[in-house]
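Below: the structure, in structure tokens.
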Number of protein chains: 2
Amino acid sequence: MLTIGKLSDAAGVKVTTIRYYEQIGLLPGAERSAGNQRLYARTAQDRLAFIRHARELGFTLEAIRDLLGLTDRPDQSCAEVDAIARAQLHAVQGRIARLKALEAELERMVDHCAGGTVADCRVVQVLGNHKHCAADHGRDLHGVSE
Amino acid sequence: MLTIGKLSDAAGVKVTTIRYYEQIGLLPGAERSAGNQRLYARTAQDRLAFIRHARELGFTLEAIRDLLGLTDRPDQSCAEVDAIARAQLHAVQGRIARLKALEAELERMVDHCAGGTVADCRVVQVLGNHKHCAADHGRDLHGVSE
DNA sequence: CTAATGTCTCTAGCAACTAGAGGTTCAAGA
DNA sequence: TCTTGAACCTCTAGTTGCTAGAGACATTAG
């Protein structure tokens, strides 16, 4: 049995984050010691590592919740798991594409800055006037964490 | 003079967002009509377009606040403006690099999924065991909006 | 004049945590 | 055994950049 601190070290997830995951139902409530402190079995470490890794790959907690639900029924077809992963891949690819457009425009802005005064600054001009702008940005909120 | 709704349409920024920008001090408080409704001059439209465009390029509101402060003093050197833009460029490039690593790993996962049961699913295996994973992900929070 | 639309303020909510207050429990050393 | 200090507990509030809703007032078209 691990205390929450040990589990935190073992899985590389902060103590507060573990409690948060429990609170939102991503981790089951832990056993408690006589003094009300959480005690975890090794399986908790695996589950937490799974969550952490999926977070690193940019899956939302909602997607992870679904994935965990699916891994709890290992006999099922993995089509759904696959679909979630593919959706995530597409999202990542979309974000890359948009970020590359932004990168190109930022580079253009920065490269054309002659180093004069703010009034003549290319960066300010581009930001202030959309006509100076080449890219047409799509719409998307929030990138991938960690 | 524009009402907030006209300004919203003109600048492509939602009414509630305009009020939010005023609240956090990004836009100055507007004039008011006899009935207490906000009235804006054309300059507000420019400022708002500037903010919107900078947001599209991924600048944080804090960075935009700095940029706006600098554009209010147009005689100064544009070195600071340049520095902010370059920092943003670097941030975007870093995010692209990390997303590409994620993309590669997601592709590997998805490509190796044989379509069997969840128990045998490559995706689940990779997520559950960090050793099956090639990339070493850096740490970073939050991508670029819109 | 009335009805519809626009606007006002204020509060609360979203993701995915993080930080802090104020108190309890545990493990180790004297 | 006592004491110190670290780790733990719960609860609340803060972060970013908005969005949504309630309930009330203003404006405008017909």
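Chain identifiers are assigned alphabetically (A, B, ...) following the order of the sequence lines, protein sequences preceding nucleic acid strands; residue numbering begins at 1 within each chain. Predicted model only: the values in this text are computed from it and were never measured. As a basis for the values below, the full set of heavy atoms in this structure was taken, side chains included, without hydrogen atoms, waters or symmetry mates.
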Legend entry - Phosphate contact (dC18(D) OP1 or OP2) by R52(B) side-chain N/O below 4.0 Å: no

Inset, instruction - Please test E103(B) against K100(B) for salt bridge (Lys or Arg N to Asp or Glu O under 4.0 Å), starting from the C-alpha separation and ending with a verdict. - result: CA-CA 5 Å; E103(B) 181 191 25; K100(B) 289 202 138 199; 5.5 Å; no

Legend entry - Nearest to side-chain heavy atoms of Q37(A), which nucleotide of dT7(C), dT18(C), dC8(D): dC8(D)

Inset, instruction - Let me know the distance between CG of L27(B) and C1' of dC18(D), rounded to the nearest Å. - result: 14 Å

Legend entry - Candidate nucleotides dT18(C), dC8(C), dT19(D), ranked by approach to the side chain of N36(B) - the nearest: dC8(C)

Legend entry - Rounded distance in Å - CD1 (I51(A)) to P (dA16(C)): 12 Å

Legend entry - Contact nearer the 5' end of DNA chain D, comparing G35(B) with T60(B): T60(B)

Inset, instruction - Using only side-chain N and O atoms of K14(A), determine if any of them is under 4.0 Å from OP1 or OP2 of dC17(C). - result: no

Inset, instruction - Report the nucleotide, chosen from dT9(C), dC8(D), dT27(D), that has the shortest atom-to-atom distance to any side-chain atom of R19(B). - result: dT9(C)

Inset, instruction - Look at the side-chain N and O atoms of T17(B) and state whether any lies under 4.0 Å from the OP1 or OP2 oxygen of dG17(D). - result: no

Inset, instruction - Please check the phosphate of dG17(D) (OP1 and OP2 only) for any side-chain N or O of Y21(B) closer than 4.0 Å. - result: no

Inset, instruction - Identify which nucleotide among dG17(D), dT10(D), dC8(D) has an atom closest to any side-chain atom of R55(B), counting heavy atoms from C-beta outward. - result: dG17(D)

Legend entry - Sugar-phosphate, base or nothing in reach of I24(B), heavy atoms under 4.0 Å: nothing

Inset, instruction - Write down the distance between CG (D9(A)) and C1' (dA6(D)), rounded to a whole number of angstrom. - result: 13 Å

Inset, instruction - Take atom CD of E62(A) and atom P of dC14(C), then tell me their distance rounded to the nearest Å. - result: 12 Å

Inset, instruction - With the side chain of R38(A) defined as its heavy atoms from C-beta on, choose the nearest nucleotide among dA16(C), dC8(C), dC9(D). - result: dC9(D)

Inset, instruction - Write down the atom of V118(B), the atom of S77(A), and the distance for their closest heavy-atom approach. - result: CG2-O, 3.5 Å

Inset, instruction - Name the residue closer to the 5' end of DNA chain C, choosing between Q23(B) and V15(B) according to the nucleotide with the nearest heavy atom. - result: V15(B)

Legend entry - Atom pair distance, as rounded to whole Å: OH in Y20(B) and C1' in dA20(D): 15 Å

Legend entry - For atom CD1 of I4(A) and atom C1' of dT10(D), their distance in whole Å: 12 Å

Legend entry - Atom-to-atom span, CD of E31(B) to C1' of dA26(D) - whole angstrom: 17 Å

Legend entry - Interatomic distance, E56(B) CD vs dC18(D) C1' [rounded to whole Å]: 15 Å

Legend entry - side-chain N/O S33(A) vs dC26(C) OP1/OP2, d < 4.0 Å: yes

Legend entry - Basic-acidic side-chain contact under 4.0 Å: R65(B), E62(B): yes

Inset, instruction - Find out whether R95(B) and R95(A) are in side-chain contact, i.e. whether some heavy atom of one side chain is under 4.5 Å from a heavy atom of the other. - result: no

Inset, instruction - Could you tell me whether the side chain of R52(B) reaches within less than 4.5 Å of the side chain of R55(B), counting heavy atoms only? - result: no

Inset, instruction - Begin with the C-alpha distance, continue with both residues' side-chain angles, and end with the deciding distance and a verdict on side-chain hydrogen bond (donor to acceptor under 3.5 Å, both in side chains) for T43(A) and D46(A). - result: CA-CA 5 Å; T43(A) 54; D46(A) 295 341; over 6 Å; no

